[in-house]
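Let me begin by presenting the structure, written as structure tokens, before commenting on it.
Every value quoted in this text rests on a predicted model; they were computed, and no experiment measured them. Counting convention: from 1, in listed order, for ligands and their atoms alike.
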Amino acid sequence: MRFIELWTNQFRNLVSQRIPVDNRQVFLIGPNGQGKTNLLEALYALCYGSSFRTNQLKELTVHGEKAFKIVGIYLGDDQIRHTLMLEWKDGKRSMSLDDREVKDRKELIYNIPCIVFSHDDIFFIKGEPEQRRRFFDQTMSMYNPLFFDDLRRYRLVLRQRNQAIKDGRFELLDLYDLQLAKYGLAIQSERTRAVYEFDQIFPSMYKDVSQNTMEVHIEYHPSWNDCATEEEIVEYLARTRSRDISMLTTTSGIHRDRFLVMEAGQPFSQTGSTGQLRLASLIFRTAQMAFFQKKTGKEPLILVDDVLLELDFEKREHFLHLMQTYCQAFFTFLPEEHYFSELAEEGALLYTVQEGRFLN
Ligand SMILES: Nc1ncnc2c1ncn2[C@@H]1O[C@H](COP(=O)(O)OP(=O)(O)OP(=O)(O)O)[C@@H](O)[C@H]1O
């Protein structure tokens with residue numbers, strides 16, 4: 001799969017324009033604040049119908065306007081040209097694929113798998129547990145539609161259960177507990193399997209690039225650690241119900257699971273230097289790519305937002321070697337970062353980005 005051209009209209013600071021991108025590698029080069037990341041965001045929004053920077057699609061419209069539209073023409077794995085469109089208008093999102101309305105964003109997840117490398121990825125290592133849950137849920141949702149469905153259902157039941165607790169409608173809890181246990185156990189089992197497999201990939205990649213002698217690995221600590229069946233979870237929820245009622249929320253479940261990155265028995269967020277944490281976050285993404293490929297046999301589209309800056313030459317070489325298996329890649333660079341030539345293949349497409357314009 002590969003994008004061939006993009007059309008942007010009233011999207012952030014991007015000038016409304018057609019941008020040909022028919023190349024395995026597209027480099028976007030320009031000073032700060034010119035619109036490089038905005039184009040990556042537009043591509044991501046086309047792939048998933050959402051942004052990796054905000055939950056509010058209305059923020060993506062150019063200041064002062066109420067609508068934006070992006071269109072991407074891509075060559076699918078079937079070697080046929082397809083047209084994806086995302087529009088935000090009158091407070092509503094609409095999407096289409098080949099002029100057919102896309103009603104559920106889920107349809108898109110498996111269409112163009114897309115992975116973003118960004119500075120914020122460091123929070124997967126040193127941020128709140130929620131950040132790592134999101135990372136692993138995303139990793140699993142990329143290849144497993146059942147997992148994605150279970151997550152959606154779990155979240156819905158969790159919201160309903162919390163509301164029932166707040167409203168004092170305790171007679172509903174027995175029913176919600178059964179559903180929470182059903183979807184929760186499926187998610188817990190899948191997380192256990194996926195972390196085991198991810199842990200076969202991530203530590204050796206990290207060791208290769210960092211040349212660190214200490215082992216870094218991932219641990220999964222489910223909130224319902226001692227429950228192996230739905231019945232056991234239901235019993236546990238019944239036993240802890242009074243605690244939930246006094247806290248006005250569901251205090252256990254897969255929304256409280258913890259994923260830890262450990263080094264020598266300690267959380268890596270406490271032992272690693274900022275440089276090591278940053279490198280580990282890049283490797284997290286690279287391992288996500290490798291994991292996705294192992295599961296599906298497909299290569300993802302990658303969007304790499306100026307994250308190589310802090311790596312020295314040797315680490316960069318190692319790292320770039322690891323991340324070559326993509327169907328198409330968009331990289332952003334500042335003009336002074338001349339090392340993009342280390343990465344560019346012959347014939348790669350180079351754009352200079354200036355005030356939302358893409359010039360080559
Ligand atoms: N909704 C919007 N409407 C108009 N302009 C916007 C909007 N949102 C952001 N901008 C502008 O877009 C520019 C930021 O673009 P972007 O984040 O793509 O920068 P960049 O080229 O990736 O730079 P950096 O190297 O600093 O990351 C800023 O000038 C900002 O004012």
Side-chain angles (χ1 to χ4, degrees), residues 3 5-21 23 25-72 85-95 114-124 274 278-279 281-282 285 301-311 316 319-320 323 328-344 348-360:
F3 276 105
E5 61 184 60
L6 302 168
W7 297 77
T8 59
N9 195 294
Q10 303 197 146
F11 188 91
R12 292 213 191 252
N13 79 327
L14 304 185
V15 169
S16 297
Q17 63 201 300
R18 168 182 173 266
I19 310 168
V21 291
N23 202 297
Q25 290 185 321
V26 183
F27 290 88
L28 310 172
I29 300 158
N32 295 122
Q34 299 302 305
K36 305 183 296 292
T37 309
N38 292 346
L39 189 74
L40 301 191
E41 191 180 29
L43 281 157
Y44 186 92
L46 266 180
C47 295
Y48 292 140
S50 61
S51 162
F52 58 86
R53 299 206 281 190
T54 171
N55 291 330
Q56 303 286 324
L57 278 189
K58 66 171 184 257
E59 286 176 25
L60 309 187
T61 58
V62 63
H63 293 317
E65 294 294 338
K66 290 197 170 61
F68 73 81
K69 185 172 178 177
I70 21 180
V71 176
M85 187 281 296
L86 167 66
E87 186 171 35
W88 172 263
K89 204 175 168 187
D90 302 327
K92 277 211 319 243
R93 163 179 53 203
S94 55
M95 302 204 65
C114 163
I115 292 180
V116 190
F117 290 71
S118 94
H119 283 281
D120 289 347
D121 291 350
I122 193 165
F123 295 111
F124 293 139
T274 306
R278 209 167 266 299
L279 180 62
S281 70
L282 282 180
R285 283 297 192 197
L301 167 78
I302 60 169
L303 309 173
V304 186
D305 196 9
D306 198 18
V307 289
L308 306 178
L309 184 62
E310 284 138 78
L311 302 188
R316 212 158 55 226
F319 176 70
L320 294 176
M323 56 175 294
Q328 188 176 29
F330 290 76
F331 300 93
T332 72
F333 278 93
L334 292 167
E336 56 271 29
E337 296 174 64
H338 299 295
Y339 56 81
F340 68 80
S341 52
E342 290 165 23
L343 179 59
L349 185 55
L350 258 63
Y351 276 111
T352 302
V353 188
Q354 244 174 41
E355 296 180 0
R357 271 176 226 282
F358 293 78
L359 315 163
N360 74 344

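Distance from atom 3 (N) of ligand 1 to its nearest protein heavy atom, with residue and atom name: H63 N, 2.9 Å. If you check which protein heavy atom lies closest to atom 11 (C) of ligand 1, you get N13 CB, 3.7 Å. Protein heavy atom in closest approach to atom 17 (O) of ligand 1: R53 NH1, 3.3 Å. Among protein heavy atoms, atom 8 (N) of ligand 1 sits closest to R12 NH1, 3.2 Å. For atom 26 (O) of ligand 1, the closest non-hydrogen atom on the protein side is N32 ND2, 2.9 Å. In terms of protein heavy-atom proximity, atom 27 (O) of ligand 1 is closest to T37 OG1, 3.5 Å.
Using the six-membered ring where Trp is involved, F27 and F331 have ring planes that are parallel, under 30° apart on the 30 and 60° scheme.
In summary, the side chains of D306 and T332 do not present any donor paired with an acceptor at a separation below 3.5 Å, with no hydrogens or angles considered.
Distances from atom 18 (O) of ligand 1 to the heavy atoms of V353, N38, L28 show the closest one on N38.
Checked by atom type and distance alone, the side chain of K36 pairs as donor or acceptor with a backbone atom of G30 at under 3.5 Å. For the pair S51 (side chain) and Y44 (backbone), a donor-acceptor distance under 3.5 Å is absent. Although no hydrogens or angles enter the test, the distance criterion places no donor-acceptor pair under 3.5 Å between the side chain of N13 and the main chain of E355.
The closest side-chain heavy-atom distance from F11 to E41 is below 4.5 Å. Side chains of L39 and Y351 form no contact here, defined as non-hydrogen atoms less than 4.5 Å apart.
Near Q34, the atoms of ligand 1 lying under 4.0 angstrom from a non-hydrogen atom of the residue are 19 (O), 20 (P), 21 (O). Using a 4.0 Å cut-off to heavy atoms of T61, the atoms of ligand 1 that qualify are 1 (N), 2 (C), 3 (N).
The NZ atom of K89 sits 8.0 Å away from atom NZ of K69, with the distance rounded to the nearest 0.5 Å. The CG atom of N360 sits 8.0 Å away from the OG1 atom of T352 when rounded to the nearest 0.5 Å.
When only interatomic distances are considered, the shortest N/O to N/O separation between G35 and ligand 1 falls below 3.5 Å. When only interatomic distances are considered, the shortest N/O to N/O separation between D305 and ligand 1 does not fall below 3.5 Å. Checked by distance only, ligand 1 and G33 come closer than 3.5 Å through their nitrogen or oxygen atoms. Of the polar atoms of D306, none of the N or O atoms is found under 3.5 Å from an N or O of ligand 1, judged by distance alone.
Under 4.0 angstrom from ligand 1, the non-hydrogen atoms of E59 all belong to its backbone.
Environment of CZ in R316: crowded, with over 12 heavy atoms of neighbouring residues, nucleotides or ligands closer than 6.0 Å.
Within the 4.0 angstrom cut-off, atom 31 (O) of ligand 1 has no protein heavy-atom neighbours.
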